[in-house]
Every structure is written in structure tokens, then in C-alpha cells.
Amino acid sequence: MRLRVIKIIYLLAFLLISVRLFYWQILKTDELTARAEDQRFLTREIKPERGSILFSDKSVLAGSKPSYLVFSQPKLIDDNLLKKTSSELDAPQQKLDYSSIVSYKKSYAQKLSEIFYEQQKKLATQSSTVAATTEEIKKEISQIEDSVLGKLSKNLFWVNLNYKVDLEVKRELEDLNLIGLGFDADSTRFYPEGSSSAHILGFVGSNEYGESTGYGGLEGFYNGELKGKKGTLTQEKDALGLPILIGDFFSRQPRSGKTLKLNIDRAVQRMVERSLQKGVEKYKAKGGSVVIMDPHTGGVIAMASLPGFDPAKSYMYPAENYKNPVTADSYEPGSTFKVMVMASAINEKLVEPDTICTECSGPVELSGFKIRTWNNKYMDNPTMTDVIIHSDNTGMVFISKKLGIDKMYEYISKFGFGDLTNIDLQDEAPLPLRQKDTWKEIDLATASFGQGISVTPIQIVRAVAAIANGGSLYEPHIVSEIIEDGKVHAVHPRLLGNPISEEAAKQVTQMMVQAVDKGEAQFYKKANGVLGYKIAGKTGTAQIAVAGHYDASKTVASFVGFAPADNPKFVMLVRYQEPGTSIYGADTAAPTFFEIAKEMFLYYGIPPTEPLPSSGKP
Amino acid sequence: MSLLHSFDVDITPRFNRKLIIILSFIIVPLVVVEIWTMNRLATVGVELSRLDAGKAHLELENTVLRNKISEKKSLAEAERKAREMGYERVSKFEVISGEVGLAQNTNFTK
């Protein structure tokens, strides 16, 4: 009987254990597996390296360099100090107490603050208020020290002390052998050419999740390609936290970002930036832009704007500097637009280069407005070529009347105005044309000489490139190749259309050559030593609309052209915003154009083709 | 009651003792070897970490050197060095056309 009772008890106990095991091993299995994995496995996120951006000669424009987040573990410091004896620390006392911990942390913060200050000084630009006097230096170091000490005094396991510190700074900090000081590996953008090509590049910042993200320019447009893919490494770990070789191991390799190779020529970009800087200072302009494109492919060879910024220190510049004026700034193009209108009329066979303007002997009255030439001088029976040479607004009105609103609108659209160029930069601004049915006679007239219509610099260059290359409109692009794991994906030129015929393009080219040789800019062609070259170009001086009316003292002065005219190597637009020394494109943008063109002729080894003066000097 | 009886243990020996002893002499050493090997492999994690660290260090050094090369190759650096060495930018140039003779034959008699 007693045996039976014992057997029953054992059976019940067995059933109880089974039920409990069922609860833990079946019902709670997911939760316990997760907790066990957390204990057993060591998971590390492996950040990918951001893709590089290369010039056309494969030299680095933007790369990545290692950087570190510096952290400290205040609780670890406290525990360690309480355990250590005075022989291992600087403290003279035999027994440590909490006042010694405070004193150690103060010394800790002081050592770190000096190094952090040096790093901060290295990152500061010349324009920022970098401490100059000893007093100011001491004050700044003291502020950093207070901030670090404040963080170390917190009752936390982990505090962030600084981020994006260089490898050299990290090594300096490691040499201090401070308790609880650690480093998390990261990477930062690296620009060997300094602030060159800032608007082309954009900059890299952090998004709301703290991940590196590109903003503006190529970094923004190609962020998906450049950022790569994170990897993870999950390994079984032992009691010391070290990986177990024969344990479970799951890894996903990070994929580095793709590399972009550009059409941008490093040497030409440098020439452009230097000349633009010189020009903005010389002509006392508020800003300026230069863009150069290959007319046969749409490849952008150089692009620069001022005011600019340093992509490595973008946070030190006002946000308005980040905008790329070449793609995002709208302006009224003025007389540079005349060549497109002339090309349209010639293409329609409405006029020819020697067609006489019968309405150009004085101002033109239209809808209550009087349209004059820029210098209020008028010619008797000028030809269309003369209209371009002398930038005659009345001649352009004559042409616009022949075209009519429908044809004018059609050709403006064919040349790509009103649409995005789809250049591969993030910040292009859309500029839709006003609806055709809202156009009046005066709008037709003013549009013919580039007022009352808004364009971006890249649209002008793209349109003039169509004249330069015989009538083909190409999509502009910065990137020529995307390289991934050694495989090259070429970006091919994209033909958008043919707004004009080859014959019309040739005729307008000849008119533009004459405009350079006989127009207002002729003196600067000689002064800049490019007489032996056939350069096609057009000046532009567009008044800026202020509070509903045009301000004659404020202009956008520009010059657009291409050379050598018969087989152009480049199309270039130079533009100054509100130049102070002269409002005219002929006096400001044209000289800069010729200066850059001369350097490009030398760089590309393009010999002069026109008869030179007897001295042999162009 | 039959369920309770099913838990009664039959302790009658069924196996050959000799076989058990022989198998023990084979299995026990194998178990010992396995435990030793597993333990050794488990602690090789230290070596693995060291190799990983070495690889990471070399990759880091490569990146640093690559960046230094890029900096030295930059145009800004080249311009600075050129200026230090006394070079100037080309501002004037002359073009020698095909019309100008550089060298030509002359007839001469002894």
C-alpha cells in the first residue's frame, strides 16, 4: 500500500515537472531563445565605407577617412578607482575616497579638453571666431573641460565625449591610458582638393537616425549608390566576450558604396575657380558662376559658383551658400537669349544672316511700352548679323514679330527652357514657362531679348551647346562612370532632340563669331591674348526686377560662348550677379571668359587658327 | 494498477560485461580527446580576435596611406610646391606657325 502511495506521488511529481517543462520549453521558447542568444551571441554592425568621387583623371575629389566617436564609462571609472591602490595612480594617499575620484576626473577632463581644443582649432575656418588671445584660448579650453567633466560626473555607464575625431587624435588619446576611455570606429568624408567643387559635391551630414547622408549635389543625388550597405557579424562568445571559433557564426559582409568618376576635369576646375574668385573681387560682384560643358556629349567639364562653402566644414557656412546657383538660381538671361531666338527664326527660314531689319531705326512702341537699344543708338537698316553684333533689342522685336507667339513658345520649349535639364545634381529647381495663352504682344517682344523669362545657367549652356554642335540638344551630366566591385557602368550621352538644323546652327555660329570680333567684347578678346582663335559668343546684361520694376543699376552680367567655333571643345557661361565696377557683361563676364578660354587652349594644346598679328602673339 | 506496475524496474543484467569494458576503453579516450579538442578550439577565439585586429589595423593603415597619397597628389599641394620652388603661371605665350623655318638645307661648295 505504502509502495503504491509512493508510486502515485512520484507519478504526480513527474506530471508536474512535465507540465512545467512544457511551459518553459514550448510556451516560453521564443522569449528564452532571444535572451539566450543575447547572452551567447556578440553582434557587431559593420559600417560600410562611403563610395569615392573621382575627377576625370581618376584623382580623388571626395574619399573617406577613418574617424572615431570618443566615449567614456563613468561607472567603470568609479569602480576601477575604488579598487586600485595609490601605487597605480598619481594620488599620494594610501586609501582612495570619493574626493580622489573627483580629482581624477578633473585631471581626466583637463587632459582631454586640451586635445579636443586642438582638434577644434584645426577644423575651424578662417572666417570663424577662432580664439586668438591667450585669454580666449584658456576660456575655450575651460569650457570644453567643464563640458567633459559634467559628462564624467553623471551616473551613467556610457557618455559621448566627442565625435569625428581623427586617427591622430585617437592615438594621442590612447596614449593617455585613461580608465574607461573608448572609441567607436566611424568614417568621415575627406577632400584632398579642399573646398574645390563644393557645389558639385554637396556635403555629407547625418539624418534623423544618425546615419551619414548626402545633401545637395552629387552626395545627395547619388546617396543611395554612395552609402553602401551595412554588414553584421554575429558570433557565439565565451564568458570573456571573445568569439568562439567553432561556435555559431553568421556574417553579412558590408558593401562599400559605389565609386563615381566624373566628367569634371581637375585642372580646368581649378582654372575656373581661380578666375572666378579673381573676377568676383575685381568686379565687386555679389556672386558669380561659371559652367563649362562638352557640347558633343553634355558632359560637364567644370562648374563653380561663389559664394561657396567648404564641404568638410559645411556647418560653418550659412545655409543659403549650399544652393548651387548653376542649377537652382533663376535669372533673366538678357541678350544671351538672343542667339536662341535668332536660331529659331533662321531655322524657320523667316530671316537670314543678311536680312535687313526695316524697323530698327528708332525705339519700338508696343502696347504702351517703348523698347530701346541698350545704348539708345540705332542703325539704319541693320542686318540680322548686325543685330547680334550690336545686341539690338529693336532688331529682336522685329524677329519676334515674324516668329509669333506660337513659334516662339515652341522653340523656347524645344531648346529645353521650362523643363528640368535632369542634370545629376540634387538641387535643380524647376522653372515652368508661363502658359502660352497668357502671353501678350509685349511678352513676346521682351522674351526675344531675354527679359521677362526666367532660366537657369545650366539651361542656357545646354541650349547654346545645341548651336555649337550643329543642332543637337544633350542632357547635361556630371558623372561619366559608376564603378562597383571593379565593374564599370558608363553613363552615355543622352540626346534629347534637335531644335534646329545643322545649317541654322552654322549660320548662328558665324554671327556669334562676328559678335565677338566686332561687338563690345572685342577689346577684351585682344587684351586676353586670344586673337588667333575663332570664338563664338554673346554678351548679356539683364536688369534685375526689384519690387515690380527693373532696377537699371542692378544687373546680371553674363557671357556665353564656345570655342574653337568650327569644332568646339567647350561651351562656357560666365555670370556675375550685380557687378559693382560695371553693369555690362562685355566689361565683366567677357574678360573672365577669355581668360579661362586662353588657359583652356593651352591646356588642351589647341593652336590658333586665325591669322595672327605680325608679332606671332595671339 | 497496471500503470503503476509499468514503472517497476527489471534489474536483470542483459549485456555482456566484457563488451561493455571493451567499449569503455574505446569510447572514454575518444570522449576525452573530443573534450580537449573542443576546449582548445573554444579558446582559439583569442587568436582569432588577434588576427582580426591585425587585419583591421593593416586595412586602416592602407586607408591612411591612400589618403596621404591623394593629398600629396592634389593640385592645391602641387601649386604650393611650385610656388615655393619659384615657378610662375604662364601668362604669355607665342605660337610658332608652320611658316617659320627652324632648320633648312643650304648648298655650299668646297
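Here is how names work: the chains are called A, B, and so on, in the same order as the sequence lines, proteins then strands, and each is numbered from 1.
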When you look at [atom1] of [X], are more than 12 heavy atoms from neighbouring residues, nucleotides or ligands closer to it than 6.0 Å?
| X | atom1 | answer |
| --- | --- | --- |
| A:Phe14 | CZ | no |
| B:Arg40 | CZ | no |
| A:Lys282 | NZ | no |
| B:Glu84 | CD | yes |
| A:Lys569 | NZ | no |
| A:Tyr604 | OH | yes |

- Hey, is the main chain of A:Gly63 close enough, under 3.5 Å, to the side chain of B:Asn67 for a donor-acceptor pair? no
- Item | For A:Pro66 against B:Thr63, the heavy-atom pair lying closest together |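 For A:Pro66 versus B:Thr63, the nearest heavy atoms are CD-CG2, 4.0 Å.
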What's the spacing between [X] [atom1] and [Y] [atom2] if we round to 0.5 Å?
| X | Y | atom1 | atom2 | value |
| --- | --- | --- | --- | --- |
| A:Arg266 | B:Ser74 | CZ | OG | 7.0 Å |
| B:Leu75 | A:Met271 | CG | CE | 9.5 Å |
| B:Lys68 | A:Lys65 | NZ | NZ | 11.5 Å |

Is it the backbone or the side chain of [X] that comes under 4.5 Å from a heavy atom of chain B, or both, or neither?
| X | result |
| --- | --- |
| A:Leu3 | neither |
| A:Glu595 | neither |
| A:Ser196 | neither |

- Could you name each residue pair satisfying salt bridge (Lys or Arg N to Asp or Glu O under 4.0 Å) that touches residues 58-67 of chain B, not counting sequence neighbours?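 Pairs touching residues 58-67 of chain B that pass the test: A:Arg171-B:Glu61.
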- Do A:Arg274 and B:Glu79 sit within salt-bridge range, that is, some charged N less than 4.0 Å from a carboxylate O?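 Salt bridge: yes.
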